[in-house]
Amino acid sequence: MKKYIHTFCLLFIALVFQSCLFQEELLFDKSASDRLTSTMKADNDSLLSAQNGWAMEYFATPESPGYTLMIKFEKSSKAIISGKSELTGNLIVSDSSLYEMIGDTGPVLTFNTYNKVLHKFSDPDVSGLGLQGDYEFVVLKATTNQIVLKGKKRGVTILLNKFPLNITWQQHFSDIDAMNTFLFNGATNPLDLVVGNDTLIAYNGSTHIFRVAKPGEDPVLLGNDHPFIVTNYGLRFQSMDSLNNYSFQNFKLSDNKKQLVSTENPAVYIAGPVLNKFLYSDFSLWKADATQMSDNFKSAIKTLSDALIVKYLGKRNFEYIAVTNKANYANSIIIHVTGVDATYRILFSPVTGTTDKIMISLPLDNTNLYDNNGKKFYTEVPAIKTTLEAFCGEYIVSTDLPLNVKTVKYTRVDNPLQYFVVNK
């Protein structure tokens, strides 16, 4: 009996061992080459699945701003690529070239004939470097709606987002342009990057590379660069950033259009400057728009204009009135007549405890009221004093572009029907 039991056990072990071998053979029934070929085909099928193409969020290097490209892959191994940026003369430019999915350490998407849109990023310039971008990309991940690529040389993560059928490429470029204009449009005002309880200052947004520094720090010496791409919903940093245990990368414009809020952490957001403090400290020349002011201000300016014509026989005509933080006359009203600025120092300051109120008043004496030109006109044309007094009062300041402050409306607190608008 013992002999039979021993024989049975040996037979059972042999059968189990054979079964394990069979399962292992099934697990590795394909070679590494076959598995790579299968993955490459699946990735290429994903590229072809987007009937209206892909929106590519392209960064040339880790230090460069992002650009949107549109790409449509065809079964003929042709790729149609469109772009619109300063690199294309701010016009929509399209070109086609061949593409291929090749094998390396993994699937690699390569554009192996010249494309004047994509290869603009890798073309050398007179220095031999150019923008140093990639045109070969390792495929990291492919899902139904997004393909994640990595530049083969620069290692920058680049996204392909499947584009919907009901939007044209031209409309998408227009939407991004509109977002960029709303957010920046060449404006130089800094933005607040709020991370939980901390606030950093983000400079140079119009370059699409934020220079971020702590309040009071010199951004040139102590700041850090954060490249980003403008999207149709807001913007996306080139890489995931982390501060104070908050991670953030994607920012969506809020419903009230006053903030860009992180989709990863709502406690992280980008906001425009506190308006009354910004106007108090900004050095720009803010001209009053003669077409956007209530009748009381129009009347005061007409009176001044008529008085200048009578006094100087048309040789010194009124041209504009402006508010500025001029170096020698901080927080001043400038009345510009033909060929001459007449500057008048005013008491111009935020109302304590508010973010949107400013008080404008004249000093109690004339000691520091005017510069030399200002004194001459103030003495010779009494309507100057009347005009200055007309603009004095407490105002609520507001703007339609809270992130890109270029136009501000001043509305009297005691009479909302009296207002004027200034433009940078």
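Below, each value reflects all heavy atoms present in this structure, side chains not excepted, and no hydrogens, waters or symmetry copies. Note that the coordinates shown come from a computational prediction; the quantities given were computed from them, not determined experimentally.
The residues Glu57 and Arg236 are annotated as salt-bridged, a charged nitrogen and a carboxylate oxygen being separated by less than 4.0 angstrom. Salt bridge Lys302/Asp306: present, at least one basic N to carboxylate O contact under 4.0 Å.
The six-membered or imidazole ring of Tyr312 lies near that of Phe377, with a centre-to-centre distance under 6.0 Å. Residues Phe184 and Phe228 place their aromatic rings such that the two centres sit under 6.0 Å apart. His119 has its ring centre no less than 6.0 Å from the ring centre of Phe111. When ring centroids are compared, Tyr58 and Phe121 come within the 6.0 Å threshold.
In this structure, the side chain of Asn115 engages the main chain of Leu118 through a donor-acceptor pair within 3.5 Å. Judged purely by atom type and a 3.5 angstrom limit, Asn232 has no side-chain atom pairing as donor or acceptor with the backbone of Ile176. A donor-acceptor pair is defined here as one N or O able to donate and one able to accept, closer than 3.5 Å; such a pair exists between the side chain of Asp134 and the backbone of Arg154. In this structure a side-chain-to-backbone donor-acceptor pair under 3.5 Å is missing from Ser299 to Asp295. No donor-acceptor pair under 3.5 Å is formed between the side chain of Asn265 and the backbone N or O of Ala267. At distances below 3.5 Å, not a single donor-acceptor pair connects side-chain atoms of Ser305 with backbone N or O atoms of Ile301. A distance-only check finds no donor-acceptor pair linking the side chain of Arg345 to the backbone of Tyr370 [under 3.5 Å]. Side-chain atoms of Asn189 come within 3.5 Å of backbone N or O of Val405 as a donor-acceptor pair. Checking side-chain atoms of Asp125 against main-chain N and O of Leu129 turns up a donor-acceptor pair under 3.5 Å. Under a 3.5 Å cut-off, the side chain of Ser46 and the backbone N or O of Ala42 do form a donor-acceptor pair.
Taking CD of Gln238 as the start and NE2 of His208 as the end, the distance is 14.5 Å to the nearest 0.5 Å. Distance check, rounded to the nearest 0.5 Å: CG of Leu364 to CG of Leu369 gives 11.5 Å. Taking CG from Asn185 and CG from Leu401, the interatomic distance works out to 8.0 Å, rounded to the nearest 0.5 Å. Rounding to the nearest 0.5 angstrom, the gap separating the CG atom in Leu183 from the CG atom in Leu403 is 6.0 Å. Annotation: the span from Arg412 atom CZ to Ile360 atom CD1 amounts to 8.5 Å, rounded to 0.5 Å. Atom OG of residue Ser64 and atom CZ of residue Phe59 lie 7.0 Å apart, to the nearest 0.5 angstrom.
The closest side-chain heavy-atom distance from Val422 to Tyr410 is below 4.5 Å. Residues Ser284 and Trp286 meet the side-chain proximity criterion, which asks for heavy atoms closer than 4.5 Å. When side chains are defined from C-beta on, Lys406 counts as touching Asn404, because their heavy atoms get closer than 4.5 Å. In this structure, Gln171 and Asp175 have side chains that are in contact, with non-hydrogen atoms separated by less than 4.5 Å. No side-chain heavy atom of Thr399 sits less than 4.5 Å from a side-chain heavy atom of Lys409. Residues Asn166 and Asn52 are not in side-chain contact: their nearest non-hydrogen atoms beyond the backbone lie 4.5 Å or more apart. Contact annotation: the side chain of Ile270 never approaches that of Asp192 to less than 4.5 Å [non-hydrogen atoms, C-beta and beyond]. Residues Ile334 and Tyr344 are not in side-chain contact: their nearest non-hydrogen atoms beyond the backbone lie 4.5 Å or more apart.
By the side chain to side chain contact (heavy atoms under 4.5 Å, CB included) test, Glu389 pairs with Leu362, Lys385, sequence neighbours left out. By the side chain to side chain contact (heavy atoms under 4.5 Å, CB included) test, Glu319 pairs with His336, Thr338, sequence neighbours left out. Residues passing the side-chain hydrogen bond (donor to acceptor under 3.5 Å, both in side chains) test with Tyr246: none are found, sequence neighbours excluded.
With Leu279 as the fixed residue, the side chain to side chain contact (heavy atoms under 4.5 Å, CB included) test singles out one of Asp282, Asn276, Leu275: Leu275. Each of Tyr419, Phe420, Phe348 was evaluated against Phe391; a single residue qualifies, Phe420, per the ring pair (Phe, Tyr, Trp, His ring centres under 6.0 Å) test.
Side-chain contact check for Gln170 and Thr168: no donor-acceptor pair (N or O, by modelled atom type) lies under 3.5 Å. Between the side chains of Tyr67 and Glu86, at least one donor N or O lies within less than 3.5 Å of an accepting N or O. Side-chain contact, Asp123 with Tyr135: no donor N or O sits under 3.5 Å from an acceptor N or O. Side-chain N/O atoms of Asn373 and Asp341 include no donor and acceptor closer than 3.5 Å. One side chain, Asp289 or Thr291, offers a donor N or O that lies under 3.5 Å from an acceptor on the other. Side-chain atoms of Asn296 and Ser294 include a donor-acceptor pair closer than 3.5 Å. A side-chain donor from one of Asn256 and Ser254 sits under 3.5 Å from a side-chain acceptor of the other. Side chain to side chain, Asp241 and Gln249 fail the donor-acceptor criterion of an N or O pair below 3.5 Å.
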Can Tyr99 and Asn44 be said to form a side chain to side chain donor-acceptor pair (under 3.5 Å), step by step? CA-CA 10 Å; Tyr99 83 94; Asn44 190 64; 2.9 Å; yes
Stepwise, does the side chain to side chain donor-acceptor pair (under 3.5 Å) test hold for Lys162 with Ser49? CA-CA 9 Å; Lys162 184 174 287 186; Ser49 69; 3.1 Å; yes
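No cation-pi contact links Lys84 to Phe173, judged by a cut-off of 6.0 Å to the six-membered ring centre and 45° from its axis.
For Leu69 against Gly83, the heavy-atom pair with the smallest separation is CD2-CA, 4.0 Å. For the residue pair Thr113 and Leu98, the shortest heavy atom distance occurs at OG1-N, 2.7 Å. In this structure, Ser361 and Cys392 approach most closely via the heavy-atom pair CA-SG, 3.7 Å. Here the shortest heavy-atom pairing between Leu285 and Ala322 reads CD1-CB, 3.6 Å. Scanning both residues, Pro219 and Arg211, for their nearest heavy atoms gives O-NE, 2.7 Å. The minimum heavy-atom distance linking Pro363 with Ile346 is given by the pair CD-CA, 4.5 Å.
Annotation: side-chain hydrogen bond (donor to acceptor under 3.5 Å, both in side chains) contacts involving residues 68-82, sequence neighbours excluded, comprise Ser82-Ser94. The salt bridge (charged side-chain N to carboxylate O under 4.0 Å, His left out) contacts involving residues 42-51 comprise Lys41-Asp45, where partners must be two or more places apart or lie in separate chains. Sorted by first then second residue, the salt bridge (charged side-chain N to carboxylate O under 4.0 Å, His left out) pairs that include residues 93-122, not counting sequence neighbours, are Asp104-Lys152.
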